[in-house]
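Values in this document were obtained by computation on a predicted structure and should not be read as measured data. For the numbers below, each heavy atom of this structure counts, side chains included, while hydrogens, waters and symmetry mates do not.
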Amino acid sequence: LNEAWRIVNQAKIKVIMTKSKPRLLSGDTPTGKLHLGHWVGSIELRVALQQCYECYFIIANVHAFTTRAEFPKEIRQNTFEIAIDYLAAGIDPKQSHIFIQSEIPAIAELTCFFSMLLSFPRVMRNPTIKDEIKHKKLGDNYSFGFLLYPVGQVADILSFRPSLVPVGEDQIAHLEMARECARRFNQIYCGVDPQTKDEDYVTSGGLFPIIEAKLSRVHRLVGTGAPNANGTLAKMSKSLNNAIYLSDDADTIRKKVMAMYTDPRRLRATDPGTVENNPLWIFHEIFNPDKAWIAEAEDKYRKGQIKDVDCKHKLVDILVALTQPMRERRKIYEQDLGEVLKILKHGTERANEIAEDTLIKAKAFMKQDYFKRLVKLEP
């Protein structure tokens with residue numbers, strides 16, 4: 001986590017200089033429980049950074065409707081599952097704010113305004129759109145809302161004018177669109193010179209910062225299954241049934257690891273094994289902190305001097321130890337769902353304050369500030 005600590009140190013310096021925490025925004029669409037890919041892709045970085053940043057974590061339930069509008073009960077259940085996953089993973093509600101996207105009306109309004117600043121061809125060039133259509137086998141059977149969700153993600157981000165957005169590799173395209181939209185808004189409505197450097201947009205009178213992406217130490221975690229027909233390993237995914245979830249108990253983790261794909265040509269312990277493109281060793285290199293053991297074991301594996309089962313048992317111990325504190329925190333929150341709802345309400349109230357302030361300022365720059373309003377959640 002060297003990169004995380006570097007960012008933490010930068011944040012500490014900024015806190016000392018400004019006497020306030022810089023803001024961080026990140027989140028997930030509630031499509032199911034979170035897995036190890038989510039952990040190394042973003043969540044462990046969020047946990048590490050929350051002491052030095054004013055953190056807002058969005059549960060983007062509106063985006064879940066873009067492909068699953070027929071399943072509102074499932075989306076509602078997954079929204080609570082994500083919240084519990086966050087809390088179990090170590091997101092501290094005393095330091096961070098977890099909120100529900102559909103309860104922030106300013107995001108919807110800004111989505112509408114931002115959609116006027118991005119052309120349809122530009123939205124369609126977003127590679128995530130094409131990947132999602134292919135991965136979910138949508139063909140031509142997708143809603144207009146599905147095409148609008150990249151603009152919605154722009155609003156998710158810019159509503160909070162964050163200093164930092166930790167993202168996975170597959171979200172880089174969305175963040176770039178947010179950067180483009182921020183530049184265009186600042187130039188058209190705030191009078192910022194197009195030649196201004198990205199880091200100077202706000203000090204030059206702009207409303208929205210031009211955000212830089214912060215990738216985690218692992219950009220893409222492979223699943224536990226065999227390679228595809230072209231020899232590439234699939235990304236860890238619920239739909240591919242190749243995931244180890246943060247909520248899995250020790251026995252489930254053990255079963256999944258012991259069934260993990262390795263080198264099929266290695267029929268006996270004495271046969272040489274291939275470390276490259278082997279999920280077992282990819283997992284060790286990511287999760288096993290004992291780098292000396294990895295180097296020695298990989299050498300033995302290539303020479304056929306160590307068994308798959310031995311290396312899998314080692315990995316089981318590592319993953320069970322990693323997720324044990326999560327399981328303990330999960331039990332606490334699963335037994336008190338009222339507390340979870342209270343945490344979500346508090347986070348959503350605070351998120352509304354920030355998003356409404358952004359919307360008021362945006363409307364003022366756009367000369368569309370006619371009346372004042374107050375957004376308040378009822379008990």
Side-chain angles (χ1 to χ4, degrees), residues 20-21 23-31 34 43 46 50 53-66 68-69 71-114 145 148-149 151-162 165 207-208 329-330 332-364 368-379:
S20 64
K21 288 184 178 181
R23 191 174 298 151
L24 178 152
L25 185 283
S26 190
D28 296 276
T29 300
T31 56
L34 300 180
I43 295 175
R46 302 178 201 176
Q50 63 183 336
Y53 279 82
E54 180 189 359
C55 293
Y56 291 83
F57 299 121
I58 181 172
I59 302 178
N61 60 321
V62 175
H63 294 329
F65 277 83
T66 61
R68 293 158 50 235
F71 306 103
K73 290 183 179 179
E74 182 180 305
I75 293 172
R76 183 182 181 87
Q77 178 63 32
N78 287 341
T79 295
F80 285 104
E81 290 285 357
I82 290 285
I84 293 174
D85 273 334
Y86 281 171
L87 295 168
I91 298 300
D92 184 354
K94 295 180 180 179
Q95 300 184 88
S96 303
H97 308 284
I98 305 172
F99 66 96
I100 300 173
Q101 180 190 31
S102 62
E103 301 301 316
I104 313 295
I107 292 178
E109 291 189 50
L110 287 170
T111 297
C112 182
F113 286 133
F114 292 152
L148 186 64
Y149 94 85
V151 185
Q153 285 201 327
V154 170
D156 294 339
I157 296 168
L158 296 185
S159 293
F160 295 87
R161 292 173 284 156
V165 181
L207 174 61
F208 296 109
R329 286 189 289 263
R330 174 176 294 279
I332 295 172
Y333 287 110
E334 285 181 337
Q335 293 171 1
D336 192 355
L337 296 180
E339 178 63 17
V340 175
L341 192 61
K342 183 178 178 181
I343 290 169
L344 288 172
K345 184 174 182 290
H346 175 75
T348 301
E349 288 174 341
R350 179 58 183 154
N352 263 317
E353 292 176 10
I354 302 298
E356 281 294 311
D357 179 67
T358 298
L359 180 63
I360 290 169
K361 288 180 168 63
K363 284 183 172 181
Q368 304 304 309
D369 51 335
Y370 301 103
F371 311 106
K372 293 183 178 181
R373 74 178 188 192
L374 175 66
V375 173
K376 185 178 180 180
L377 300 183
E378 293 295 331

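Residues passing the side chain to side chain contact (heavy atoms under 4.5 Å, CB included) test with His63 are Thr29, Ala60, Gln101, Tyr149, Gln153, Asp156, sequence neighbours excluded. Residues passing the side-chain hydrogen bond (donor to acceptor under 3.5 Å, both in side chains) test with Thr31, sequence neighbours excluded: none. For Leu377, the side chain to side chain contact (heavy atoms under 4.5 Å, CB included) partners at least two apart in sequence or on another chain are Glu103, Lys345, Thr348, Glu349, Asn352. The ring pair (Phe, Tyr, Trp, His ring centres under 6.0 Å) check on Phe114 picks up Phe208, with sequence neighbours excluded. Applying the side-chain hydrogen bond (donor to acceptor under 3.5 Å, both in side chains) rule to Asn78 yields no partners; only residues at least two apart in sequence or on another chain are considered.
A donor-acceptor pair is defined here as one N or O able to donate and one able to accept, closer than 3.5 Å; no such pair exists between the side chain of Asp28 and the backbone of Pro30. Checking side-chain atoms of Arg23 against main-chain N and O of Phe160 turns up a donor-acceptor pair under 3.5 Å. Of the possible donor and acceptor atoms, none in the side chain of Gln50 sits under 3.5 Å from a partner among the backbone N and O of Cys55.
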#### Entry: Asp369 vs Lys361, salt bridge (charged side-chain N to carboxylate O under 4.0 Å, His left out): CA-CA, chis, key distance, verdict
CA-CA 9 Å; Asp369 51 335; Lys361 288 180 168 63; over 6 Å; no
N/O donor to acceptor pairs below 3.5 angstrom from side-chain atoms of residues 334-341, sequence neighbours left out:
unit_1	atom_1	unit_2	atom_2	d
Asp336	OD1	Glu339	N	3.2

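Note: Phe99 and Tyr56 have perpendicular aromatic rings, judged against thresholds of 30 and 60 degrees for the angle between ring planes.
Closest approach of Ile107 and Ala155 over heavy atoms only: O-CB, 3.5 Å. Closest heavy-atom contact between Thr358 and Ser159: OG1-O, 2.6 Å. Closest approach of Thr111 to Val151, counting heavy atoms only: O-CG1, 3.6 Å.
Using modelled atom types, one finds no donor on one side chain facing an acceptor on the other under 3.5 Å when comparing Asn61 with Thr79.
Put simply, the side chain of Lys363 reaches to within 4.5 Å of the side chain of Phe113, judged on heavy atoms.
A salt bridge links Glu109 to Arg373: one of the charged nitrogens lies within less than 4.0 Å of a carboxylate oxygen. A salt bridge links Arg350 to Glu54: one of the charged nitrogens lies within less than 4.0 Å of a carboxylate oxygen.
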